[in-house]
Structures are given as C-alpha cells and as structure tokens.
Amino acid sequence: MRPVIKVGVLGARGKVGTEVCRAVETAQDTELVATVDADDDIEELVRAGAQVVVDFTHPGVVMDNLRFCIEHGIHAVVGTTGFDQARLDQLEEWLADAPGAGVLIAPNFSIGAILMMRFAAQAAPFFDSVEVVELHHPDKADAPSGTARRTAELIAAARREAGSDPMPDATSTGIDGARGADVDGVRVHALRVRGLVAHQEVLLGTAGETLTIRHDSLDRVSFTPGVLVGVRAIADHPGLTVGLDSFLDLE
Ligand SMILES: NC(=O)C1=CN([C@@H]2O[C@H](COP(=O)(O)OP(=O)(O)OC[C@H]3O[C@@H](n4cnc5c(N)ncnc54)[C@H](OP(=O)(O)O)[C@@H]3O)[C@@H](O)[C@H]2O)C=CC1
Ligand SMILES: O=C(O)C1=N[C@H](C(=O)O)C[C@H](O)C1
C-alpha cells in the first residue's frame with residue numbers, strides 16, 4: 001500500500017476549499033496537514049511537510065502560490081481559473097527548473113463537466129453552429145468560466161481538425177457584447193444569477209435540428225472526487241498537465 005499523501009489546501013475557507021478539506025480528511029489515503037487562506041503564511045505548507053497542495057483561491061493570486069510550490073518542490077493540483085496560454089507558458093518555464101515537480105491545472109474537476117466538454121468536441125464538427133452558454137453564481141471572479149474557455153478551445157480544435165466551415169452569423173449591427181465573447185472563433189455567453197452554482201450548455205445546430213449538451217453542478221461536492229484523483233496521480237506526472245482527462249481512463 002502507498003503511504004498516506006500529506007496535503008495542504010490553499011483557499012481552505014472558500015466555497016470549494018471547505019469541501020476539499022472535508023474530502024481530504026475523509027479519504028483513507030490522504031492527510032490534511034495545512035490549511036492556508038489569504039491572511040495566513042504560505043510557508044506553513046513547508047513547515048507542515050505538504051507533498052501536494054490543492055489550490056482553490058483566486059485568479060489574481062494563484063500564480064504567486066504556484067511559483068512558491070514549484071520552488072519548494074511541492075506538487076500542485078489547481079482548480080483556480082484564469083489560465084491563458086501566457087500563464088501556462090510561465091508555469092512550463094518555472095517547472096523546467098524544478099525537475100520532479102508536477103502541476104495539474106484542471107478547469108473543472110467534476111466528471112460530468114469533463115464528459116460534457118468531451119461530448120461537445122466530439123459533436124462539434126457535425127453541426128454548422130456551436131455556441132457555449134455558461135451559468136454561475138454572481139460571486140464568481142472571472143468570466144467566461146475556465147470551463148467555458150476550455151470547451152470553446154476544444155470545440156475550435158475539433159472543427160479545425162475536421163476542416164469545418166466558419167459558423168454562419170449574419171449579425172452586422174446591434175449592441176456591443178450581445179453576441180458574447182469570441183473564444184477561438186466560438187461564441188461564449190456568461191450568465192451570473194443568484195441561486196446558481198455552476199452550469200453550462202453547449203448548443204449545436206444544423207439544418208432542421210439542434211443538440212443541447214448540458215451539465216449542472218448542483219453542489220460543490222461534485223468537484224471533490226476529481227480533486228482526489230489529481231492528488232493521488234500528480235506525483236507520477238512531473239511537469240505541467242492541463243485537464244483532469246489525462247488522469248482518467250476515458251477511452
Ligand atoms: N476547477 C474546478 O473544478 C473549479 C474551479 N473553481 C475555481 O476555484 C476558485 C475558487 O472558487 P471558490 O471556492 O468559489 O471561491 P471563494 O471566494 O469561495 O474561495 C476562495 C478562497 O481563497 C482564499 N484566498 C484568497 N487569496 C488567497 C491567497 N493568497 N492564499 C490563500 N488563500 C487565498 C479566499 O480567502 P478570503 O475569503 O479571506 O479572501 C477564499 O477563502 C475560482 O477561480 C473558481 O473559478 C471553482 C469550482 C470548481
Ligand atoms: O467559480 C466557480 O464556481 C467555478 N469555476 C470553474 C470555472 O470557471 O469553470 C469551474 C466551475 O464552473 C465552477
């Protein structure tokens with residue numbers, strides 16, 4: 001049997017961090033050794049001997065947290081959003097100087113959301129039009145969501161590979177923003193509504209038919225099994241991994 005994994009949680013008092021702490025404490029093979037929030041000293045992770053850090057904080061602070069983890073040889077499993085290519089490149093650069101350290105950036109840890117992204121990419125080349133609508137609670141820091149960005153990128157890649165035509169859209173006048181954000185040529189619309197948790201629809205359409213792929217996270221416990229998968233796998237995956245898919249047997 002593998003030894004118990006010592007885990008530190010950054011953003012431990014947050015909405016997702018609270019659930020992650022509970023899951024790490026409950027699992028037989030993980031031990032919660034440090035909890036760090038905005039007003040705490042990040043050095044506590046080192047003092048406590050954390051081997052893996054889980055980060056659910058804020059796009060504005062996550063890069064500083066990751067630089068600290070990489071410099072101290074602590075693996076990181078990251079749910080915090082806000083990662084563009086420039087940030088991923090920066091992580092690769094830091095990791096090049098820290099052989100052995102692993103960082104997982106997962107835009108969404110829920111199995112349903114991962115499958116929703118996969119199904120959307122699979123279906124996208126078969127339809128003329130594909131648009132993404134993400135719906136979240138209004139306390140969310142970023143828009144569009146990390147999941148929506150990733151979904152749009154996967155859809156765009158699948159359509160490029162299939163040689164799909166550009167999507168039809170005759171819009172030439174109107175109010176700025178009405179057609180959502182353009183992510184890699186895919187329109188993404190972000191709704192912020194009190195009462196919601198995390199939801200996404202991908203609408204696909206072609207002559208005479210539409211297909212809607214919808215995922216709903218109704219409770220933040222939906223993220224914790226995936227986080228534990230990441231915690232258990234990250235030490236065996238040095239370097240940068242984007243998306244939990246690579247740690248799951250989905251084929
Ligand atoms: N990948 C995924 O599956 C998911 C990703 N997310 C993402 O995770 C992030 C957090 O979401 P959520 O839990 O809803 O947000 P919350 O605002 O509820 O929690 C964030 C927590 O991070 C803390 N924090 C802020 N700065 C620091 C810092 N420098 N060091 C340590 N802790 C800090 C905050 O403390 P304080 O309140 O004191 O400022 C707060 O406790 C977001 O980016 C969200 O999009 C969310 C759900 C799923
Ligand atoms: O902030 C959230 O709540 C969520 N953030 C992630 C995202 O931006 O995709 C994952 C999920 O949608 C919940």
Side-chain angles (χ1 to χ4, degrees), residues 8-23 34-45 48 50 53-69 74 76-84 87 103-117 120 132-154 181 183 188-202 214-231 234 241-245 247-248:
V9 176
L10 283 163
R13 276 199 308 263
K15 291 185 282 300
V16 183
T18 305
E19 294 299 339
V20 170
C21 289
R22 209 190 317 267
T35 57
V36 178
D37 277 282
D39 44 2
D40 299 319
D41 182 3
I42 195 169
E43 293 280 352
E44 182 52 26
L45 296 170
V53 158
V54 178
D55 187 305
F56 279 89
T57 56
H58 188 281
V61 302
V62 66
M63 289 302 278
D64 287 345
N65 292 344
L66 291 180
R67 172 182 248 167
F68 178 90
C69 291
I74 305 173
V77 170
V78 183
T80 307
T81 46
F83 285 89
D84 55 13
R87 283 187 167 204
V103 173
L104 166 66
I105 306 290
N108 204 309
F109 279 98
S110 97
I111 185 67
I114 292 165
L115 290 173
M116 174 261 298
M117 287 187 257
V132 178
V133 183
E134 57 97 326
L135 311 89
H136 282 84
H137 58 93
D139 304 316
K140 183 166 175 51
D142 56 328
S145 71
T147 308
R149 266 163 95 148
R150 174 90 172 144
T151 310
E153 287 162 7
L154 293 171
V183 181
V188 177
H189 311 266
L191 280 63
R192 296 290 174 264
V193 179
R194 183 66 74 205
L196 295 180
V197 179
H199 319 259
Q200 182 166 297
E201 284 189 8
V202 181
R214 180 173 173 117
H215 174 259
D216 297 274
S217 269
L218 306 171
D219 189 300
R220 292 179 177 86
V221 295
S222 60
F223 305 117
T224 58
V227 170
L228 290 178
V229 168
V231 166
I234 190 65
T241 305
V242 179
L244 188 65
D245 319 35
F247 295 178
L248 300 171

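Order of appearance sets the numbers: ligands from 1, and atoms from 1 within every ligand. Just so you know, these numbers use all the heavy atoms, side chains as well, and skip hydrogens, waters and symmetry mates.
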What protein heavy atom sits nearest [atom], and how far away is it?
{"atom": "atom 1 (N) of ligand 1", "answer": "Ala106 O, 2.8 Å"}
{"atom": "atom 44 (C) of ligand 1", "answer": "Thr81 OG1, 3.9 Å"}
{"atom": "atom 16 (P) of ligand 1", "answer": "Lys15 NZ, 3.7 Å"}
{"atom": "atom 2 (C) of ligand 1", "answer": "Pro107 O, 3.5 Å"}
{"atom": "atom 10 (C) of ligand 1", "answer": "Thr57 O, 3.2 Å"}
{"atom": "atom 8 (O) of ligand 1", "answer": "Phe56 CD2, 3.4 Å"}
{"atom": "atom 33 (C) of ligand 1", "answer": "Ala38 N, 3.5 Å"}
{"atom": "atom 9 (O) of ligand 2", "answer": "Thr147 OG1, 2.4 Å"}

From Glu44 CD over to Asp37 CG, what is the distance, rounded to the nearest 0.5 angstrom?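 One gets 12.5 Å once the value is rounded to the nearest 0.5 Å.
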Is the shortest distance from a heavy atom of Arg149 to ligand 2 less than 4.0 Å?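 No, Arg149 has no heavy atom closer than 4.0 Å to ligand 2.
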Just so I know, are the side chains of [X] and [Y] near enough to count as touching, which here means a heavy-atom distance under 4.5 Å?
{"X": "Val36", "Y": "Asn65", "result": "no"}
{"X": "Val227", "Y": "Phe56", "result": "yes"}
{"X": "Val53", "Y": "Phe68", "result": "no"}
{"X": "Thr35", "Y": "Cys21", "result": "yes"}
{"X": "Asn108", "Y": "Phe223", "result": "yes"}
{"X": "Asp139", "Y": "Lys15", "result": "yes"}
{"X": "Lys140", "Y": "Ser145", "result": "yes"}
{"X": "Val193", "Y": "Leu135", "result": "no"}

Return the option from [options] holding the heavy atom at the smallest distance from [atom].
{"atom": "atom 5 (N) of ligand 2", "options": "Lys140, Arg150, Lys15", "result": "Lys140"}
{"atom": "atom 32 (N) of ligand 1", "options": "Asp37, Asp55, Val227", "result": "Asp37"}
{"atom": "atom 46 (C) of ligand 1", "options": "Val16, Asp142, Val9", "result": "Val16"}

How far apart are the C-alpha atoms of Asp84 and Arg149, what are their side-chain angles, what is the distance that settles it, and do they pass the side chain to side chain contact (heavy atoms under 4.5 Å, CB included) test? CA-CA 9 Å; Asp84 55 13; Arg149 266 163 95 148; 3.4 Å; yes
Which atoms of ligand 2 have any heavy atom of [X] under 4.0 Å away?
{"X": "His136", "value": "2 (C), 3 (O), 4 (C), 11 (C), 12 (O), 13 (C)"}
{"X": "Gly146", "value": "7 (C), 8 (O), 9 (O)"}
{"X": "Pro107", "value": "6 (C), 7 (C), 9 (O), 10 (C)"}

Below 4.0 angstrom from a heavy atom of [X], which ligand 1 atoms are there? Numbered from 1 as shown, please.
{"X": "Gly14", "answer": "18 (O), 19 (O), 21 (C), 40 (C), 41 (O)"}
{"X": "Asn108", "answer": "1 (N), 2 (C), 3 (O)"}
{"X": "Lys140", "answer": "45 (O)"}
{"X": "Val36", "answer": "31 (C), 32 (N)"}
{"X": "Gly79", "answer": "1 (N), 2 (C), 4 (C), 5 (C), 6 (N), 7 (C), 8 (O)"}
{"X": "Phe109", "answer": "1 (N), 2 (C), 3 (O)"}
{"X": "Gly11", "answer": "21 (C), 22 (O), 23 (C), 31 (C), 32 (N)"}
{"X": "Val61", "answer": "26 (N), 27 (C), 28 (C), 29 (N)"}

For the residue pair Thr151 / Gln200, report whether a side-chain donor-acceptor contact shorter than 3.5 Å exists.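 Thr151 and Gln200 do have a side-chain donor-acceptor pair below 3.5 Å.
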Would you check, one step at a time, whether the test side chain to side chain contact (heavy atoms under 4.5 Å, CB included) holds for Arg22 with Thr224? CA-CA 9 Å; Arg22 209 190 317 267; Thr224 58; over 6 Å; no
Against Glu201, only a single residue in Arg214, His189, His215 fulfils side chain to side chain donor-acceptor pair (under 3.5 Å); can you say which?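 Exactly one candidate clears the test, Arg214.
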Please check atom 37 (O) of ligand 1 for a protein heavy-atom neighbour under 4.0 Å.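 No, there is no protein heavy atom closer to it than 4.0 Å.
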Between [X] and ligand 2, which part of the residue brings a heavy atom under 4.0 Å of the ligand: side chain, backbone, both or neither?
{"X": "His137", "value": "side chain"}
{"X": "Asn108", "value": "side chain"}
{"X": "Ser145", "value": "both"}
{"X": "Ala148", "value": "neither"}

Using modelled atom types and a 3.5 Å cut-off, is there a donor and acceptor pairing between side-chain atoms of Thr80 and backbone atoms of Asp55?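 Judged by distance alone, yes, a pair lies under 3.5 Å.
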Is a donor on one side and an acceptor on the other found under 3.5 Å between the side chain of Asp219 and the backbone of Val221?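 Confirmed, Asp219 side chain pairs with Val221 backbone.
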Over all atoms of both residues, closest heavy-atom pair of Arg87 and Val62: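 Shortest heavy-atom contact: NH1-CG1, 3.6 Å.
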Report yes if Ala198 has an N/O atom closer than 3.5 Å to an N/O atom of ligand 2; otherwise report no.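 Among all N and O atoms of Ala198, none is under 3.5 Å from an N or O of ligand 2.
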Kindly indicate, with the supporting measurements, whether the criterion side chain to side chain contact (heavy atoms under 4.5 Å, CB included) is fulfilled by Ile105 and Arg150. CA-CA 11 Å; Ile105 306 290; Arg150 174 90 172 144; over 6 Å; no
